[in-house]
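What follows is one structure encoded as structure tokens, with my remarks underneath.
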Amino acid sequence: MAVNKIDKILAHSPASGGALEKLLKNGHEKAHLTRVLKYSFPRYLSEGIKSVKKSGTILYVECLNASIATNIRFETDNLKRALSCLTDFGRIDEIKPFVGNFSSAGSDP
């Protein structure tokens, strides 16, 4: 059986806005936001960030451990100020760090 890469499949089919395209778009956006956030946060925090997701004005930060999540909670005001000049994060009102993954974090993220 021939195996095609997703990019090749999408290149041969017209843009339909289907579930696969939405999934890929969300994945690319999440990866982009995570890279930008890791670059913007102090190194001692960025190394403990696994992934991020933005929902409206709330930024969910998936952390590798409870220590990083606690530090982000304490630094929230400073971190929001640092992010406010960035286009992707300019309208963030709340940062919600958590340990685990998005699927187990409940309905919020």
Side-chain angles (χ1 to χ4, degrees):
M1 172 187 337
V3 177
N4 290 320
K5 295 197 180 246
I6 297 296
D7 293 339
K8 287 183 181 180
I9 294 170
L10 290 174
H12 290 9
S13 63
S16 64
L20 179 58
E21 284 185 31
K22 289 177 185 175
L23 182 64
L24 289 172
K25 181 181 174 193
N26 288 340
H28 288 298
E29 180 181 357
K30 191 173 170 183
H32 167 73
L33 293 175
T34 302
R35 280 190 305 274
V36 171
L37 186 85
K38 283 185 165 199
Y39 182 77
S40 301
F41 273 21
R43 187 175 185 162
Y44 73 96
L45 293 178
S46 66
E47 291 176 347
I49 294 171
K50 187 174 178 183
S51 185
V52 299
K53 181 178 179 182
K54 189 170 73 168
S55 178
T57 61
I58 300 173
L59 181 67
Y60 297 95
V61 181
E62 183 180 354
C63 302
L64 295 175
N65 59 54
S67 174
I68 295 297
T70 299
N71 282 322
I72 290 173
R73 283 185 194 96
F74 282 120
E75 295 285 332
T76 295
D77 290 336
N78 293 332
L79 297 172
K80 285 193 303 186
R81 272 193 296 279
L83 294 173
S84 67
C85 63
L86 302 173
T87 305
D88 294 322
F89 298 102
R91 295 184 179 181
I92 296 299
D93 294 330
E94 190 174 358
I95 298 175
K96 290 188 173 187
F98 64 95
V99 179
N101 56 39
F102 286 108
S103 62
S104 67
S107 60
D108 282 345

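When reading the values below, keep in mind they use all heavy atoms of this one structure, side chains included, and skip hydrogens, waters and symmetry mates.
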Quiz prompt | Contacts of Thr70 that satisfy side-chain contact (heavy atoms from CB on, under 4.5 Å) - sequence neighbours left out | solution =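 Scan of Thr70 (side-chain contact (heavy atoms from CB on, under 4.5 Å), adjacent residues dropped) gives Arg73, Phe74.
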Practice problem: Step by step, work out the side chain to side chain contact (heavy atoms under 4.5 Å, CB included) result for Leu83 and Leu37. | Solution: CA-CA 8 Å; Leu83 294 173; Leu37 186 85; 3.7 Å; yes
What is the distance from atom [atom1] of [X] to atom [atom2] of [Y], rounded to the nearest 0.5 Å?
| X | Y | atom1 | atom2 | result |
| --- | --- | --- | --- | --- |
| Leu59 | Thr76 | CG | OG1 | 10.0 Å |
| Phe89 | Ile95 | CZ | CD1 | 9.0 Å |
| Lys80 | Glu94 | NZ | CD | 7.5 Å |

Quiz item: With Asp93, which residues qualify under side chain to side chain donor-acceptor pair (under 3.5 Å), at least two apart?
Solution: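 Testing Asp93 for side chain to side chain donor-acceptor pair (under 3.5 Å), a comparison that skips the adjacent residues, returns Thr57.
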Quiz item: Can you list every pair that meets side chain to side chain donor-acceptor pair (under 3.5 Å) and has a residue in residues 32-44, with sequence neighbours left out?
Solution: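 Of all non-adjacent pairs touching residues 32-44, those that pass side chain to side chain donor-acceptor pair (under 3.5 Å) are His32-Asp88, Arg43-Glu47.
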Self-check item: Note, Leu33 side chain near Val36 side chain (heavy atom, < 4.5 Å)
Solution: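 The answer is no; the side chains never approach within 4.5 Å.
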Exercise. Given side chain to side chain contact (heavy atoms under 4.5 Å, CB included), test Leu79 with Leu45 step by step and report yes or no.
Key: CA-CA 10 Å; Leu79 297 172; Leu45 293 178; 4.1 Å; yes
Quiz item: Linking I/L/V/M/F/W/Y whenever their side-chain heavy atoms sit closer than 4.5 Å, directly or via other members, would Val61 and Leu86 fall into one cluster?
Solution: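 Result: yes, single cluster for both.
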Self-check item: Shortest non-hydrogen separation from Ala69 to Phe98 and the atoms involved
Solution: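 Shortest heavy-atom separation between Ala69 and Phe98 comes out as CB-N, 4.4 Å.
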